[in-house]
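First the structure, which I've put down as structure tokens, then a few questions once you've had a look.
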Amino acid sequence: MTWAGFAQQLINGISLGSLYALVAIGYTMVYGILRLINFAHGDFLMVAAYLGIFGLAMFSLPWPVAFLAALAITGLLGALLERGAYRPLRRAPRLSLLISAIGASFLLENLALVFLGGRPLPFPTPAVFAGSFQVAGLYIPRLSLLIPGITLILLAALFVLVSHTRTGMALRALAHDWEATALLGINVNRLISLTFILGSILAGVGGLLWAMKYPQVNPFLGVLPGLKAFIAAVLGGIGNLAGAVVGGLVLGILEVLLVAWFPAWSGYRDAFAFVLLIIVLLASPTGLLGESIMEDKL
Amino acid sequence: MLKIINLSAAYGSIPALQDVSLHVPAGQIVALIGANGAGKTTLMRTITGLQSPQTGKIIFRNREIQHLATPEIMRRGLALCPEGRRIFPNLTVQENLILGGYYSPDRRLRRDLAEIYQLFPRLAERQQQRAGTLSGGEQQMLALGRALMSRPHMLLLDEPSLGLAPLLVQEVFKTLARINRRGTTILLVEQNAAAALKLAHYGYVLETGRLSFEGPSHDLLHHPKVRSAYLGE
Ligand SMILES: Nc1ncnc2c1ncn2[C@@H]1O[C@H](COP(=O)(O)OP(=O)(O)O)[C@@H](O)[C@H]1O
Ligand SMILES: [Mg+2]
């Protein structure tokens, strides 16, 4: 492969990896606080993508309004999911919670299937996000720069929130010791709602970007990226915010390079994520950066 | 300030507290002493809503609180220094204290921090250090300081002397006396009966989930049965 070809693939990989990272953050935050794998998390990509289509195509809103509305609703739905499916089970065994999460995922997918149909809808990508340019012989879609850029800004904002605000301190405390946090009079339920809102919004951003990258939206859109992001979170060390970012990038870049270097294996690109996960977990059972339950900030 | 009426609690079918009634008047220090496994921690957890009672009432500042969630109970002016301190080891000393005053406006928070640092100069020197790196005694100071940051009407302490060297125990108890003199009511749970009763105005003795003796702490200190069972004489 030429240098230019490699750079091209690297850009694609970083862009895909950024999307995984955005979604992986939500898995890791919820796990850090509830010790729950929120299997419905990936479906919020789909939810945001459909909401984006409604805003842009049905209501003809300007894209910033349509996107912000889609994200706000997605965040709210995330909080509702916790209220309806997880909070009632807080004193129940972990397994009940996990089953509830899988149920919520099926519910979201099938609601979309019933009401929106199984046929993919085209995503009306706003002009700002479309197009591409050429630099030094490289063909770079504008999205390939926007995706990592937006991801970077959002992750920086999350970092500031978690490490420099009172709310962030409380989140870290909650991840460490639920009872001790409640004993300080801190409204634990509100922090948990906030965690779901933040995670769902990030997944929503991921969903909108995903829908512009692959502009066909169907009820199962979130399944595969959700699964990959989950793998990324475990890969980096579940509960560890920095780990989610590293895991996402590593997975995205390796996946793209694998396909580029071994085109014959491209059919196995999804299986590759699992193989990578198994190899990493065999070598280091707590992932690349270790399980740290939001303790090491970011 | 705090009134507990016929309180019973259990773990599954095993009773841990049976028909416990006690009263902590405003401004006083009340000690609850008892051997390991007597149910002292269970009582603290039940008062603070971490566990629900089977029967009985808990009245704090003239309101029943036994049906409330922990954060609501604490926001009514209660603070607990839990057994084992339960500080947040990966947060800094300062962050631990700030969480104690989570809902305080910034100005009040700064003033309260300064006050705690004055009360515990050792914490001031270690503000930016991770709390997990503190010694046992310093961690106890931090747990105490964190509990005081909310300016509670009443402070509950679950074995603050556990694992501390005798000199440090003295220091902690002196601090408790000072906190009380400034107007904070205290319920102190201890296995270290001698030290607790010397500090307190009134005492209760808990034996396998039931109260067996109570009285002014001076009387308890001289009660032959208490002396033989809890004061090693
Ligand atoms: N989580 C628990 N599950 C079952 N039994 C418990 C639990 N915690 C405490 N106990 C039992 O309840 C009784 C009282 O315990 P505890 O309140 O911790 O006593 P103390 O604080 O006085 O040492 C003991 O017999 C103990 O074994
Ligand atoms: Mg105890």
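This one's a predicted model, so the numbers in the text were calculated from it and none came from an experiment. Proteins come first, then strands; the chains are lettered A, B, ... in the order of their sequence lines, and each starts at number 1.
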Next on the checklist: Is it the case that over 12 heavy atoms from other parts of the model lie below 6.0 angstrom from the CZ atom of Arg83(A)?
Outcome noted: no

Checklist entry - Side chain, backbone, both or neither: which part of Ile73(B) has an atom under 4.5 Å from a heavy atom of chain A? => result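 For Ile73(B), there is no contact with chain A at all, as no heavy atom is under 4.5 Å.
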
Checklist entry - Among Glu72(B), Arg76(B), Arg146(B), which has the most heavy-atom pairs under 4.5 Å with chain A? => result Arg146(B)

Item to check | Minimum-distance pair of heavy atoms, taken over all atoms of Ile186(A) and Arg75(B) | outcome: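 Looking at all heavy atoms of both residues, the shortest contact is C-NH1, 4.3 Å.
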
Checklist entry - Is the number of heavy atoms from other residues, nucleotides or ligands under 6.0 Å of Arg90(A) CZ greater than 12? => result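 Enclosed: over 12 neighbouring heavy atoms sit under 6.0 Å from CZ of Arg90(A).
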
Checklist entry - Can you tell me how far the OG1 atom of Thr70(B) sits from the CD atom of Glu179(A), to the nearest 0.5 Å? => result 7.5 Å

Item to check | Heavy-atom pair with the smallest gap, counting every atom of Pro71(B) and Val188(A) | outcome: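 Heavy-atom minimum between the residues: CG-N, 4.4 Å.
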
Next on the checklist: Would you compute the distance between atom CG of Leu97(B) and atom CE of Met169(A) and round it to the nearest 0.5 angstrom?
Outcome noted: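 Going from the CG atom of Leu97(B) to the CE atom of Met169(A) covers 10.5 Å.
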
Checklist entry - Can you tell which of Ile87(B), Leu91(B), Leu78(B) has the highest number of heavy-atom pairs within less than 4.5 Å of chain A? => result Leu91(B)

Checklist entry - More than 12 foreign heavy atoms under 6.0 Å from CD of Gln128(B): is that the case here? => result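 Yes, the 6.0 Å shell around CD holds more than 12 heavy atoms from other groups.
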
Checklist entry - What residue in Asn189(A), Asp177(A), Thr167(A), Thr181(A) has the most heavy-atom pairs under 4.5 Å with chain B? => result Asp177(A)

Next on the checklist: To check you understand the geometry: which heavy-atom pair defines the closest contact between Tyr102(B) and Leu191(A), and what is its length?
Outcome noted: OH-CD2, 4.1 Å

Checklist outcome for this item: Per-residue tally against chain A (heavy atom, under 4.5 Å) across Gly49(B), Ser104(B), Ala69(B) peaks at Ser104(B)

Next on the checklist: Within the 4.5 Å heavy-atom criterion, are Arg172(A) and Asn90(B) side-chain neighbours or not?
Outcome noted: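 No, too far: nothing below the 4.5 Å cut-off.
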
Checklist entry - Looking at Leu183(A), Asn187(A), Leu184(A), which has the largest count of heavy-atom pairs under 4.5 Å with chain B? => result Leu183(A)

Item to check | Nearest heavy-atom neighbours spanning Pro89(B) and His176(A) | outcome: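 Smallest interatomic distance, heavy atoms only, reads CD-CE1, 3.2 Å.
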
Item to check | Minimum heavy-atom distance between Gly185(A) and Tyr103(B), given as atom pair plus value | outcome: O-CE1, 3.2 Å

